[in-house]
*Asks:* 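One structure follows; several queries about it will come next.
Residue numbering restarts at 1 for every chain, and letters A, B, ... go by the order of the sequence lines.
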2 protein chains.
Amino acid sequence: MAANRRPTLADVAREVGVSAKTVSRVLNEDGPVSARTREQVLAAVAKLGFQPNLMARNIRVGGPDTTIGLVIPDLANPFFGAVARAIEDTVGDRGLTLLMGSSADDPERERALTDKFLARRVSILIVVPSVGADHSHLKSQRTAGLPVVFLDRPGVGLVTDSIVSSNRAGAQEGVAHLIAHGHRRIGFVGDLPPKLYTRRERQAGYRSALLAADIPYDRALVANAHDQSGAEAATAGLLGLADPPTALFAGNNIMALGIVAELARSKRKEVAVVAFDDVALAEALEPALTVVAQDAEELGRVAATTALARLDGDRGRARTLTVPTRLIVRGSGEQPAPRTRPRTT
Amino acid sequence: MAANRRPTLADVAREVGVSAKTVSRVLNEDGPVSARTREQVLAAVAKLGFQPNLMARNIRVGGPDTTIGLVIPDLANPFFGAVARAIEDTVGDRGLTLLMGSSADDPERERALTDKFLARRVSILIVVPSVGADHSHLKSQRTAGLPVVFLDRPGVGLVTDSIVSSNRAGAQEGVAHLIAHGHRRIGFVGDLPPKLYTRRERQAGYRSALLAADIPYDRALVANAHDQSGAEAATAGLLGLADPPTALFAGNNIMALGIVAELARSKRKEVAVVAFDDVALAEALEPALTVVAQDAEELGRVAATTALARLDGDRGRARTLTVPTRLIVRGSGEQPAPRTRPRTT
DNA sequence: TTGTATGCGTTATCAG
DNA sequence: CTGATAACGCATACAA
């Protein structure tokens, strides 16, 4: 049998012997309909397995579609997974459906995704901006009333709401924590590219903490990596220095995985560690991992709430909202610096 | 300024002084267009910021929309995040956009999501079935040509392709591994509800392994939990038994987190552990976590590939494809059983 | 190379 | 309470 055409309003109407509009009325609880025709219509709908074509409806009604477009770097990253989940939960009450895609931090992929979403007339656009992306092309959309919210990082070329973690203050707190435990040579393992907003902010927090403690900034102690295995190599590199760090600060969750894995592999667990962003099983490690935890759920919730407020007509000026981080002390960050090196008076 | 109406084909046409059809031709590289009008049209498109309305286009063309609907239990679960990412990558080449939602393993939410997706005329539907869900309502869709693929678990009431892990064999291998290291009292911590397909299959594998080794099945050694903290409590409960297990088998990644966390907290690391599904940092734990790894990427890739083949006209009978699991030996599963108890000859 | 008439599936408008 | 007609934004068929 051939693939039958999906039934339409007209099919249902013909089945019952009424007009299409009447069926429409029943389904949308629009105008008044007699109980009898109503029943007949519903019966026919069930019989034919009719489902209204949302796209056709939308075209006619005209407004934005009941979807929300979400662009994140990587669906498989637990941090962004948690963010996406929070967004979904928040906008779900409004009946919005999630349209999402991974940019892989590639500006072109990001642009392709946002264009697709705009072509689908999403009600809201939430974007984690890729490095090097320019968002001025969204200006007309914004002035036309489309809520655009940047998440995790600010966007470029467009004035709109941004929701970010307290990256700089959080990193500073984490590094200061290490310093308070006697460390003066503290390595920083950050993600790539170095221009990435979160990377820059966290590294700035790292520098501030050093500065506040009168510790000179040593470029040799800063390493970069793309992924976990890169972070493992970077960690090994830092520990192989002539004057190696006694503590490490992880720039994000993936870097943390690499550092922890490498320290376990090379049995260098005396090296103190504080990581930005929490990871699963942090408490079960030995030592348990001290982290500057981001609140992924709150990040997503605030982004979604802000966007919904805009959708509801909030015309206030663009805001940048900062979601606080929280230092969670578990052990790895409290390991003291060894006294092997002579102290400068 | 008021939210201006988005420009349409007609607006662009008017701007240039041509017909809508000509603009359409330029944009879709359809019929022949003179270089000059072509330029003019493109200029006008840029000037007005016109973006074709994909929904309107789709309605006219008639076929399914270039979207793929994906229903998973939880976007924030790293396993499903990895699956989703693999699906996205696989269908991305075909230009399909991901429409997704979390069911929270609730049949009603699952139904609501699939209905939304169907109303949007998705090209493909990939569903991780919730416990208790019935999928017979998708029959008409399937016969109408919509590829429907079940992922991770088989669906109920609909004969269609299913992609699952080798749950039973994998669990059996994992438990046999523990038995090979001398364990005879092996606890099983499974997720809820007990009727969940993956749970049942893995527990069946557990029983098979016991049976093969002539070890009696003891219901007291089987515990259940919803989430990580529940798994921690379940683990504590098992270890508090009068005749406690010397080894534990985790029914999924979340249960694994709970077991590992609880063993670390209570300093009972001599208890051997094998977990179904890999977790981050498994290698960095002490002892490193031995797992029966699922191939989330492959699961997603196979599901997407199968669905695309159907979309391309494959009318072969419904298949159930099993993606193999792999035992990864890391340490926790090789810890020997203590000799404290007398051996039965 | 370009335009006109028509229709996709739905809802708005207005008449009955 | 119900229906006929037009219209949403776009593409198809055919003509010019």
Side-chain angles (χ1 to χ4, degrees), chain A residues 3-42 44-45 48-66 115-116 118-122 144, chain B residues 3-42 44-45 48-67 115-116 118-123 144:
Chain A
N4 290 328
R5 198 174 45 79
R6 303 277 302 266
T8 73
L9 262 193
D11 294 327
V12 178
R14 203 174 310 117
E15 176 83 13
V16 182
V18 295
S19 79
K21 179 60 196 167
T22 299
V23 179
S24 172
R25 271 197 267 262
V26 172
L27 267 49
N28 295 318
E29 289 169 353
D30 199 17
V33 180
S34 82
R36 207 175 107 70
T37 47
R38 180 188 171 70
E39 305 250 331
Q40 289 179 310
V41 166
L42 290 177
V45 164
L48 298 180
F50 169 77
Q51 277 178 310
N53 185 326
L54 255 187
M55 294 186 293
R57 167 175 223 286
N58 213 265
I59 270 203
R60 176 64 244 220
V61 173
D65 191 14
T66 57
D115 280 352
K116 272 186 188 173
L118 293 175
R120 292 184 178 285
R121 305 298 190 259
V122 292
Chain B
N4 289 327
R5 196 176 47 79
R6 303 279 301 266
T8 74
L9 261 194
D11 294 325
V12 178
R14 203 173 309 115
E15 177 84 12
V16 183
V18 295
S19 78
K21 180 55 201 168
T22 300
V23 179
S24 171
R25 269 198 268 263
V26 172
L27 267 49
N28 295 320
E29 291 169 354
D30 199 16
V33 179
S34 81
R36 207 177 106 69
T37 48
R38 181 187 171 70
E39 305 251 329
Q40 289 179 309
V41 166
L42 289 177
V45 164
L48 299 181
F50 169 76
Q51 276 179 310
N53 185 326
L54 256 186
M55 294 185 292
R57 170 178 220 288
N58 213 266
I59 256 206
R60 176 64 245 230
V61 173
D65 190 15
T66 56
T67 49
D115 280 351
K116 273 187 188 174
L118 293 174
R120 292 183 179 283
R121 304 298 190 259
V122 292
S123 290

*Asks:* I'd like the 5' and 3' limits of the part of DNA chain C contacted by chain A, with heavy-atom contacts below 4.0 Å.
*Replies:*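 Answer, 5' to 3': dG9(C) to dA12(C).
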*Asks:* Taking for each residue the nucleotide of DNA chain C with the nearest heavy atom, is it Lys21(B) or Arg121(B) whose nucleotide lies nearer the 5' end?
*Replies:*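 Taking each residue's closest nucleotide, the earlier one in sequence belongs to Lys21(B).
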*Asks:* Specify the residue among Gly17(B) and Val23(A) whose closest nucleotide of DNA chain C lies further upstream toward the 5′ end.
*Replies:*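 With Gly17(B) and Val23(A) compared, the 5'-side residue is Gly17(B).
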*Asks:* Quick one, Thr37(A) and Ser34(A) - any side-chain contact, counting heavy atoms below 4.5 Å?
*Replies:*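 Touching, per the 4.5 Å side-chain cut-off.
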*Asks:* State whether Ser34(A) places a side-chain N or O below 4.0 Å from either non-bridging phosphate oxygen (OP1 or OP2) of dT2(D).
*Replies:*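 Yes, within the criterion.
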*Asks:* Say you draw a straight line from OG1 of Thr22(A) to CG of Leu27(A); how long is it, rounded to the nearest 0.5 Å?
*Replies:*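 If I round to the nearest 0.5 Å, the distance is 11.5 Å.
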*Asks:* Tell me: CG of Leu9(B) to P of dT12(D), nearest whole Å?
*Replies:*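 In whole Å, dT12(D) P and Leu9(B) CG are 12 Å from each other.
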*Asks:* Has Thr22(A) got a side-chain N or O lying under 4.0 Å from the OP1 or OP2 atom of dC1(D)?
*Replies:*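 So the side chain of Thr22(A) is outside the cut-off, no N or O lying under 4.0 Å from OP1 or OP2 of dC1(D).
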*Asks:* Which residue, Val18(A) or Gln51(B), contacts DNA chain D at a nucleotide closer to its 5' end, judged by nearest heavy atom?
*Replies:*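 So the residue in question is Val18(A).
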*Asks:* In terms of side-chain heavy atoms, does Thr66(A) have a donor or acceptor partner in Arg120(B) at a distance below 3.5 Å?
*Replies:*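 Indeed, the side chains of Thr66(A) and Arg120(B) share at least one donor-acceptor pair under 3.5 Å.
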*Asks:* Might you point out which heavy atoms bring Pro64(A) and Asn58(A) nearest each other, and give the distance in Å?
*Replies:*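 Answer, listing the atom of Pro64(A) first, then Asn58(A): O-ND2, 3.7 Å.
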*Asks:* Nearest heavy-atom pair of Leu54(B) and Lys116(A): which atoms, and what distance?
*Replies:*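 The answer is CD1-O, 4.5 Å.
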*Asks:* Would the distance check show the side chain of Asp65(B) and the main-chain N or O of Thr67(B) forming a donor-acceptor pair, the cut-off being under 3.5 Å?
*Replies:*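 Side chain of Asp65(B) to backbone of Thr67(B), a donor-acceptor pair under 3.5 Å: no, none is there.
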*Asks:* Is a salt bridge present between Asp11(A) and Arg6(A), judged by a nitrogen-to-oxygen distance below 4.0 Å?
*Replies:*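 Result for this pair is no, no salt bridge flagged.
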*Asks:* Do any of residues 53-63 of chain A sit with a heavy atom less than 4.0 Å from DNA chain D, and if so which?
*Replies:*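 Result for residues 53-63 of chain A: Ile59(A), Arg60(A), sorted by number.
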*Asks:* Please state how far atom CG in Asp30(B) lies from atom C1' in dA13(D), giving the value in whole angstrom units.
*Replies:*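 Asp30(B) atom CG is separated from dA13(D) atom C1' by 11 Å.
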*Asks:* Could you tell me the separation between the CG atom of Asp65(A) and the C1' atom of dC8(D), rounded to a whole number of Å?
*Replies:*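 Rounding to the nearest Å, CG of Asp65(A) and C1' of dC8(D) are 14 Å apart.
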*Asks:* Taking all atoms of both residues into account, what is the closest heavy-atom pair of Pro7(B) and Leu48(B), and its distance?
*Replies:*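 Looking at all heavy atoms of both residues, the shortest contact is CG-O, 3.5 Å.
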*Asks:* Please check: side-chain N/O of Asn28(B) versus main-chain N/O of Arg25(B), any donor-acceptor pairing under 3.5 Å?
*Replies:*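 Checked: no pair found.
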*Asks:* Counting just side-chain N and O atoms, does Ser19(A) come under 4.0 Å of either OP1 or OP2 of dG3(D)?
*Replies:*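 Checking dG3(D) against Ser19(A), a side-chain N or O does come within under 4.0 Å of OP1 or OP2.
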